[in-house]
Amino acid sequence: MRATEFFAPTLREMPAEAEVVSHQLLLRAGFIRRTAAGVYTHLPLAQRVLKKIKQIIREEMDRQGGQEILMPIIQPAELWQESGRWDVYGPELFRLKDRHERSFALGPTHEEIVTSLVRGEVNSYKQLPLMLYQIQNKYRDERRPRFGLMRGREFIMKDLYSFDRDEEGLHVSYMKMHEAYNRIFQRCGLIFRPVEADSGAIGGSDTHEFMVLADSGEASVLYCRDTKCDYASNVEKAAQAVREPGEKEDLKPIIEKETPGCRTVEEVTRFLGIPPQKIIKTLLYETEKEVVAALVRGDREINEIKLLNTLGCLRLELAGANTVLRVTGAPVGFAGPVGLKNCKIVADPEVVLIANAVTGANKNDSHLLNVNMQRDYHVQTVSDIRMVQAGEPCPRCGSPLLEAKGIEVGQIFKLGDKYSKVLGANYLDENGRSQPIIMGCYGIGVTRTMAAAIEQNHDNDGIIWPAAIAPFDAVIIPVSTKDEAQVNLAGEIYDSLSAAGFDVLLDDRPERAGVKFKDADLIGYPLRLTVGSRTAAEKKVEVRVRKTGEVTVTAFNDLEKRVRELLALI
RNA sequence: CGGGAUGUGGCGCAGUUUGGCUAGCGCGCUUGCCUUGGGAGCAAGAGGCCGGGGGUUCAAGUCCCUCCAUCCCGACCA
């Protein structure tokens, strides 16, 4: 491809609408343009990168036995009503009507479609296992699309669905996808981690998220410092390590103490001169069924996802001031478990271990000292309901946990019979018995992976593409387009590298060298091949590695070999 | 959905407070000259329903009402 014919409109200045690096650089370097909020047009550069990512994905899906199909974006409402998600999915589902007033949705995911396909075609255990996938646009009417391609309303996703006879079969399929995902992101040149994750509303099943580590990531990941231990988890899910009971302390008599205006843990610790570890923090939550008091140590934060899973409820929110007053008899800030009635109490295991604790007295401006579980109060449930923090011991090996920010680029999920049951996707086993097909689903955000690669690989000058997904392997820059020797040599290089199978861009624009260098750095070609007066006469080429800035001079005859070597290293 | 901000040539912005006559600047774009190793220089040009609608006024980019769009923070997110 020649730059004079190539559509890659770069911008000198940073567009005002972009905040995150990947968004800024994708716009500036001429990869994308915004069409509507959260909806983008992919220009040739982006399309090239996406093609390479998709190709890697296809190869790895096929290697594990996946078969590519293409399902419709437009999905009939009936199927969604059948699965129950027409009502559950909410406003995030793009809905539309045809001229006959029939309702449709733009697919945010394809469990309904694929399950309905399989239920019609698969009847026997002999047809299982089966893995079907597609790479296609997805639609989610996000409340707030943001960060460019990181969270759009239209995005490209690979989704594979596995169909097995039983849980064992599902586990095999799941591990195949786990392996495939590791290979995919590795091949894309990304630094990532598979982490344990919360399974959300579906509950109970295994799920892993694949996180590209980058400071701009929206998710927090905890992982074991010991590289031999592979524990890594989304903070939402991270379990606290089992703790030994501390030194025994004699139980002291309970005392009520006035603590005027001390509502927060910090205020109470300062007023009473005690460490926050001695405080039981009591938070009231409302679910769709009841009011619940959640107890954690004063220096800890509640993990609402864990609490929600513990309670088995659908909705959970912090109780308002009126509810707190009604249930505890005191304003917000003085709740405690002692004497608390008409309210379920859930405690974190750490709370059990606190001897002579301080809690709210359920009375304005008062706290209780020397409170002890069993003697002074009882709880219905003891369960891990708090956030784990960096530095705490790994639940598997005890080494300290480290924290990192991650961008979720993929998730693999054991669905079980959730969709097969409601949609009636069954097969006959060897005994002629009808059984629900056991399913799994496995997604990769393709456009998000492109953005994540930039978040992880850029500098002040622009993008630094990993070679495997770069739009071109190299750019060839003749310093002066008026120097015939340079132009001819650049042309020869272009022809020979193209013939050797490389993707190369010849920057034949009649621009000054500086302009072409700046654009090359911005767009992020892994290699830059400069043909200038210094070297052209000897038929030599300067090879510059974008990532390291390293420059070497190579004879034209050795260039193909040199390029191959360098690309393999990057 | 709550809070905040912004809409003026392709991009980045000034002008709006205090209404005034022909709407500016930088970059980019076109043509010519010149230049060619890190976004050169000179000259001449093209390009604007000042987000839309309604209103106030002799007069609106500027004031009022309303709608829309976009971005940021939060809440939310199989």
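Heavy atoms only: backbone and side chains are in, while hydrogens, waters and symmetry mates are out. Reminder, nothing fancy here: chain letters follow the sequence lines and each chain counts from 1.
The pair K138(A)-E154(A) fails the salt-bridge criterion, with no side-chain N (NZ, NE, NH1 or NH2) lying under 4.0 Å from an Asp/Glu carboxylate O. Between R95(A) and D141(A), no side-chain nitrogen of the basic residue sits less than 4.0 Å from a carboxylate oxygen of the acidic one, so the salt-bridge criterion is not met. With respect to the salt-bridge test (charged N to carboxylate O, under 4.0 angstrom), the residues D215(A) and K405(A) do not qualify. A salt bridge is defined here as a Lys NZ or Arg NE, NH1 or NH2 lying under 4.0 Å from an Asp or Glu carboxylate O, and R85(A) with E111(A) meets this definition. For K540(A) and E538(A), the salt-bridge test passes: some basic side-chain N is under 4.0 Å from an acidic carboxylate O.
Within 4.0 Å of E511(A), counting heavy atoms only, lies at least one base atom of the nucleic acid. Within the nucleic acid shown, R509(A) has no heavy atom closer than 4.0 Å to any nucleic acid atom. T481(A) comes within 4.0 angstrom of nothing in the nucleic acid, heavy atoms only. Heavy atoms of K482(A) sit under 4.0 angstrom from at least one base atom. If you check every strand for non-hydrogen atoms under 4.0 Å, D519(A) touches a base. Among the protein residues, R146(A) comes within range of the nucleic acid bases, having at least one heavy atom under 4.0 Å from a base atom. Within the nucleic acid shown, E142(A) has no heavy atom closer than 4.0 Å to any nucleic acid atom.
With rounding to whole Å, L316(A) atom CG is found 14 Å from rC76(B) atom C1'. Here rC72(B) presents its P atom at 11 Å from CD of Q24(A), a figure rounded to the nearest Å. Residue N234(A) contributes atom CG, which lies 12 Å from atom C1' of rC77(B) at whole-angstrom precision. Nucleotide rC76(B) holds its C1' atom 12 Å from the CD atom of E304(A), rounded to whole Å. Nucleotide rC77(B) holds its C1' atom 9 Å from the OH atom of Y89(A), rounded to whole Å. Going from atom CZ of R144(A) over to atom C1' of rG4(B) covers 11 Å, rounded to whole Å. The interatomic distance linking E19(A) (CD) with rA5(B) (C1') rounds to 12 Å, in whole Å. If you take CZ of R33(A) and C1' of rG10(B), they are 9 Å apart, rounded to a whole angstrom.
Under 3.5 Å, the side chain of R28(A) and the base of rG39(B) form at least one donor-acceptor pair of N or O atoms. Scanning atom types as modelled, no donor and acceptor separated by under 3.5 angstrom connect the side chain of R12(A) and the base of rG26(B).
Nucleotide rC1(B) forms a Watson-Crick or G-U wobble pair with rG74(B), both donor-acceptor distances falling under 3.5 Å. Taking a pair to require two hydrogen-bonding distances under 3.5 Å in either a Watson-Crick or a G-U wobble arrangement, rA14(B) remains unpaired. Within the shown strands, nothing qualifies as a pairing partner of rC49(B) under the Watson-Crick or G-U definition with both distances less than 3.5 Å. Pair assignment for rA23(B) gives none, since no Watson-Crick or G-U wobble pairing has each distance under 3.5 Å. Across all strands shown, rU31(B) is found opposite rA43(B) as a Watson-Crick or G-U wobble partner, with both distances under 3.5 Å. With both pairing distances under 3.5 Å, rG61(B) is matched to nothing as a Watson-Crick or G-U wobble pair. Searching all strands for a Watson-Crick or G-U wobble partner of rU6(B) with both distances below 3.5 Å returns rA69(B).
If you check rG38(B), rG37(B), rU70(B) against the side chain of D521(A), the one that comes closest is rG38(B). Among the nucleotides rG37(B), rC73(B), rG38(B), the one closest to the side chain of K518(A) is rG38(B). Considering only the side chain of E13(A), rC11(B) comes nearest among rC72(B), rG38(B), rC11(B). Considering only side-chain atoms of Y40(A), the nucleotide from rG12(B), rA78(B), rC71(B) that sits closest is rC71(B). Of the listed nucleotides (rG12(B), rG37(B), rA78(B)), rA78(B) has the atom at the smallest distance from the side chain of F413(A). For M157(A), counting side-chain heavy atoms from C-beta on, the closest listed nucleotide (rU70(B), rA78(B), rC72(B)) is rA78(B). Checking rA75(B), rG12(B), rC77(B) against every side-chain atom of P15(A), the shortest atom distance belongs to rG12(B). In the set rA78(B), rC77(B), rC71(B), rC71(B) carries the atom at the smallest distance from any side-chain atom of E17(A). Picking from rC77(B), rU36(B), rC29(B) the nucleotide with the shortest atom distance to the side chain of E92(A) gives rC77(B). Listed candidates were rC76(B), rA40(B), rU70(B). Nearest to the side chain of R34(A) is rU70(B).
Here, rG2(B) and rG54(B) have their C1' atoms 29 Å apart, quoted to the whole Å. Taking the P atom of each, rG4(B) and rC25(B) are spaced 36 Å apart, rounded to whole Å. Between rG45(B) and rG38(B), the distance separating the two C1' atoms is 29 Å to the nearest Å. Atom name P, nucleotides rG74(B) and rG37(B): the rounded distance is 47 Å, in whole Å. Across the C1' atoms, rA59(B) and rU16(B) are found 16 Å apart, a figure rounded to whole Å. The C1' atoms of rG47(B) and rG26(B) are separated by 16 Å, rounded to the nearest whole Å. Here, rA78(B) and rC72(B) have their C1' atoms 27 Å apart, quoted to the whole Å. Nucleotides rA60(B) and rA5(B), compared at atom P, are 28 Å apart to the nearest Å.
Position along RNA chain B of the nearest nucleotide to Y442(A) versus P145(A) favours P145(A) as the more 5'-ward residue. Two residues, R143(A) and Q411(A), neighbour RNA chain B, and the one matched to the more 5' nucleotide by heavy-atom proximity is R143(A).
For N234(A) and D198(A), the side-chain atoms include no donor-acceptor pair closer than 3.5 Å.
Contact annotation: R528(A) side-chain N/O to rG38(B) OP1/OP2 distance is not under 4.0 Å. The side chain of R512(A) places no N or O atom within less than 4.0 Å of a non-bridging phosphate oxygen (OP1 or OP2) of rG38(B).
Counting heavy atoms from C-beta outward, V292(A) and V346(A) have side chains that approach closer than 4.5 Å.
A 6.0 Å sphere centred on NZ of K54(A) holds more than 12 heavy atoms belonging to other residues, nucleotides or ligands.
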From CA spacing to verdict: side chain to side chain contact (heavy atoms under 4.5 Å, CB included), R140(A), M157(A): CA-CA 12 Å; R140(A) 295 183 192 176; M157(A) 187 168 168; 4.2 Å; yes
